Amino acid sequence: MRPEPSGRPAARRTSGWTLDGPVVVGTDGTPDAHRAVRWAAVEADSRERPLTLVHATRTESGHPHLSLKGFRQAKDHAVDVLVEAEALVRKAALGVKVVAASCPQETAACLLREAGQEGAVVVGTRGHGGFLGLLVGSDALPVAARARVPAVMVPPRERDRPAGVVMVAARDDRDREAVRPAVDLALRRGASLCVVSVWIFLENVGSMAAMFDDPSEMATVGPWAVSAYKDSVDIGVAPVPTADGKSPEDTYSSSDEKSAAMFSACRNRATAWDLLKFATSAQQDGEFLEATGQMPMRENLTARYPDYFQRKPVYQSFAQQAEHVVEVPNVPGSVDVWQAFRDEWTKSVVFGEEPTGTALRRASAKMSTLLDEYGGPA
């Protein structure tokens, strides 16, 4: 992101990739979004392309509790966020053409629609996503999973190196061409390149194995990946090893359980209760298992659904691990605690800026301090 002595960014140098569409950047007014806006402004200016600023209000769906006043406040907030972002652009790249757009859908859909087939998308790594954005970002991950254009993820704070990280989502060898412009972008901006295989539940699950000559030795995945790997990878499944060599029977992991609830305000409680009982019945859990390959939250899965696991023995290890799950602790200040972990994880694991052990020890110290401040678990 740092300009050369002439005041022009290094991205002015020759490039083998032509960007015919706009540079599209999402912003929600957070510091990380501001960094993404500045990065995108320099990129748009260097390529002589327009810059589209997008703020997603998410008011189109998913907020049935939002009042008319709430909708108006969301629209007013969008205007403020976009005005602020445009001011940042003028400071970073005065001559770039700017278009501002407020979108009522979720962020990824808004950004990708604006980018079309010939643009590029820029996002920050953290916003108002809370726990959903723990590791990569609740907006960055869907963009990477769905993008058919280059997607740039800008690091969460200023770094010694001059640019961010170019992240390209790839399923398999069919996406080889998508990697090429990402490599070009990373080289021009002095950025790191992160080739990732990402997916969203019940969307296009895929594997990158066929893209590389050397076989992958290990990947940490869930049962949903088995159907994607089966045609391109000779896979075997084993529990994740522990530092002290505990046996799988004594090793527990977080389940990431998805729950349903019936509120006391429900007017038709009997009907709602019947629906909940049906949706969580053993029969419907079996249908869920058949359709998705994900383990239902139910005990003794292999005994409950023996035919399924006989037909698909590779899933048995996942079923056995499902017997050893715990929920993520719900403690005071949990959002701040997990954010502290995420910051250090991103710095060490995603961006590779320091040893993982150093980062995790610092995360542990920060989390302990936060727990002390909040009073610890109830």
Side-chain angles (χ1 to χ4, degrees), residues 28-30 55-78 102-110 126-139 141-142 145 199-203 222-224 252-301 304-305 322-339 341-342 370-371 374-378:
D28 59 5
T30 60
H55 176 72
T57 63
R58 297 182 174 95
T59 53
E60 186 176 84
S61 61
H63 294 279
H65 60 280
L66 205 60
S67 65
L68 180 60
K69 180 180 179 182
F71 275 101
R72 290 172 178 168
Q73 289 176 336
K75 292 178 65 175
D76 291 343
H77 177 67
S102 174
C103 174
Q105 297 174 325
E106 53 94 12
T107 305
C110 297
R126 183 176 65 196
H128 293 304
F131 185 78
L132 289 175
L134 177 61
L135 296 182
V136 178
S138 57
D139 292 333
L141 182 58
W199 57 85
I200 296 177
F201 180 50
L202 292 184
E203 291 194 17
W224 54 83
Y252 289 78
S253 58
S254 298
S255 69
D256 192 25
E257 178 187 59
K258 304 298 186 294
S259 301
M262 181 175 68
F263 291 92
S264 59
C266 179
R267 293 182 178 180
N268 301 294
R269 296 185 188 181
T271 301
W273 180 239
D274 287 342
L275 175 61
L276 286 174
K277 288 192 295 183
F278 169 78
T280 58
S281 65
Q283 179 181 351
Q284 290 305 306
D285 276 355
E287 296 289 341
F288 173 79
L289 178 63
E290 287 281 358
T292 68
Q294 294 221 63
M295 301 298 112
M297 294 297 295
R298 185 175 292 276
E299 296 180 348
N300 302 319
L301 288 174
R304 172 71 70 172
Y305 307 107
E323 299 288 330
H324 301 82
V325 295
V326 294
E327 291 309 306
V328 176
N330 184 16
V331 299
S334 58
V335 172
D336 290 338
V337 169
W338 284 114
Q339 190 63 63
F341 171 78
R342 177 187 169 225
L370 287 167
L371 288 172
Y374 280 103

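Just so you know, these numbers come straight off a predicted model, no measurement behind them.
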Exercise for the section: Taking all heavy atoms of L301 and all of A322, pick out the closest pair and write down the distance. Expected result: CD1-CB, 3.9 Å
Handout entry: Nearest-0.5 Å distance that lies between atom NE2 in H55 and atom NE2 in H77
Key = 4.5 Å
Exercise for the section: Would you kindly say whether Y374 and D336 are connected by a side-chain donor-acceptor distance under 3.5 Å? Expected result: yes
Exercise for the section: Determine, stepwise, if the pair Y305 / L289 fulfils side chain to side chain contact (heavy atoms under 4.5 Å, CB included). Expected result: CA-CA 9 Å; Y305 307 107; L289 178 63; 4.0 Å; yes
Practice task
Output the distance between atom OG (S281) and atom CZ (F278), rounded to the nearest 0.5 Å.
Solution key: 6.0 Å
Fill in the blank from the handout: In this structure, CE of M295 is separated from CG of D285 (nearest 0.5 Å) by 11.0 Å
Exercise for the section: Please check if the side chain of E106 supplies one atom and the backbone of A56 the other of a donor-acceptor pair under 3.5 Å. Expected result: no
Exercise for the section: Flag the pair C103 / T57 as yes when at least one side-chain heavy-atom distance between them is below 4.5 Å, and no otherwise. Expected result: no
Problem - Heavy-atom pair with the smallest gap, counting every atom of V325 and M297 - result: CG2-CE, 4.3 Å
Practice task
With sequence neighbours left out, write down each residue that passes salt bridge (charged side-chain N to carboxylate O under 4.0 Å, His left out) with E287, or none if nothing qualifies.
Solution key: none
Fill in the blank from the handout: Taken to the nearest 0.5 Å, the spacing of R267 CZ from T271 OG1 works out to 13.5 Å
Completion exercise
CG of L275 to OG1 of T280, rounded to nearest 0.5 Å, is 9.0 Å
Problem - R298 CZ: over 12 foreign heavy atoms closer than 6.0 Å - result: yes
Handout entry: Distance in Å, R269 CZ paired with L276 CG, rounded so as to fall on 0.5 Å steps
Key = 13.0 Å
